[in-house]
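It should be emphasised that the depicted structure is a prediction, and the values quoted were computed from it without experimental measurement.
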Amino acid sequence: MVSADGRDGSVKVRQGNELYATVLAPGETVKHALQPERHAYVQVARGSVTLNGNKLATGDGAAISQEKALELTGVEDAEVLLFDLA
C-alpha cells in the first residue's frame, strides 16, 4: 500500500517505512522478510491469525523487533496490516 519508492502501484512516502495489507482465509499464509535493523508492527483489523505461531484476533496488535521473518496464517477470515519500520 505504501513504500518509499512507489513500487507496484503503492503510495510513495518520503520515509523509510512501508505498509502492507492482506486478506487471509483460514489456512492461507503470507511471509514477510525483515531486513537487519528493521522492526514491524502488525494490526489485525478483522478475524484472527497466527503471527509466528502466536494467535492474534480482531483489534490485536504486535510490535516486532529482532526477527528475520514474519509468517501470518489465517485462523478465521482476516484482514491484517503490516508496518515495516526503520
Side-chain angles (χ1 to χ4, degrees):
M1 293 181 59
V2 175
S3 68
D5 60 6
R7 71 180 165 281
D8 299 325
S10 61
V11 175
K12 185 175 182 177
V13 293
R14 298 187 193 281
Q15 296 182 0
N17 301 325
E18 298 177 349
L19 170 60
Y20 301 90
T22 189
V23 175
L24 296 171
E28 281 188 311
T29 297
V30 294
K31 296 179 182 180
H32 180 76
L34 281 178
Q35 299 300 314
E37 307 298 319
R38 301 283 297 179
H39 309 278
Y41 183 80
V42 172
Q43 180 69 49
V44 180
R46 180 179 66 87
S48 63
V49 298
T50 59
L51 169 62
N52 290 5
N54 298 294
K55 189 169 180 184
L56 300 174
T58 301
D60 288 344
I64 299 108
S65 294
Q66 300 179 345
E67 291 283 345
K68 292 181 181 179
L70 304 178
E71 183 175 284
L72 286 161
T73 301
V75 175
E76 299 173 1
D77 288 333
E79 296 177 22
V80 182
L81 297 174
L82 187 153
F83 299 82
D84 186 321
L85 308 167

- Under a 4.5 Å cut-off applied to non-hydrogen side-chain atoms, are D77 and P26 in contact?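 Yes, close enough: below the 4.5 Å cut-off.
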- Message: Quick check: do L82 and H32 have side-chain heavy atoms less than 4.5 Å from each other?
- Response: yes
Shared ILVMFWY cluster between [X] and [Y], side chains joined below 4.5 angstrom?
| X | Y | result |
| --- | --- | --- |
| L70 | V80 | yes |
| V23 | V30 | no |
| L81 | V2 | yes |
| V75 | L72 | no |

- Message: My understanding is that only residues two or more places apart in sequence, or in another chain, count here; which of them pass salt bridge (charged side-chain N to carboxylate O under 4.0 Å, His left out) with E71?
- Response: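 Salt bridge (charged side-chain N to carboxylate O under 4.0 Å, His left out) list for E71, sorted by chain: K31.
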- Who are the salt bridge (charged side-chain N to carboxylate O under 4.0 Å, His left out) partners of E28, not counting sequence neighbours?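 With sequence neighbours excluded, E28 shows a salt bridge (charged side-chain N to carboxylate O under 4.0 Å, His left out) to no residue whatsoever.
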- Among pairs that include at least one residue of residues 47-57, which meet side-chain hydrogen bond (donor to acceptor under 3.5 Å, both in side chains), considering only residues two or more places apart or in two chains? none
Table please: side-chain donor-acceptor pairs of residues 35-44 below 3.5 Å, with sequence neighbours left out.
unit_1, atom_1, unit_2, atom_2, d
R38, NE, D84, OD1, 2.7
R38, NH1, G16, O, 2.7
R38, NH2, G16, O, 2.7
R38, NH2, D84, O, 3.0
R38, NH2, D84, OD1, 2.8
H39, ND1, S65, OG, 2.7
Y41, OH, Q43, OE1, 3.1
Q43, NE2, G59, O, 3.2
Q43, NE2, D60, O, 3.3

- Closest approach of V49 and L24, non-hydrogen atoms and distance? CG1-CD1, 4.2 Å
- Excluding sequence neighbours, so at least two apart, what forms side-chain hydrogen bond (donor to acceptor under 3.5 Å, both in side chains) with S3?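 Checked S3 against side-chain hydrogen bond (donor to acceptor under 3.5 Å, both in side chains); matches are D5, S10.
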- Item | Any residue meeting ring-ring contact (aromatic ring centres under 6.0 Å, His included) with F83, in chain and number order, not counting sequence neighbours |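 For F83 there are no ring-ring contact (aromatic ring centres under 6.0 Å, His included) partners, ignoring immediate neighbours.
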- For the atom pair OG1 (T22) and CD (E79), what is the distance rounded to the nearest 0.5 Å?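 It is 9.5 Å, given to the nearest 0.5 Å.
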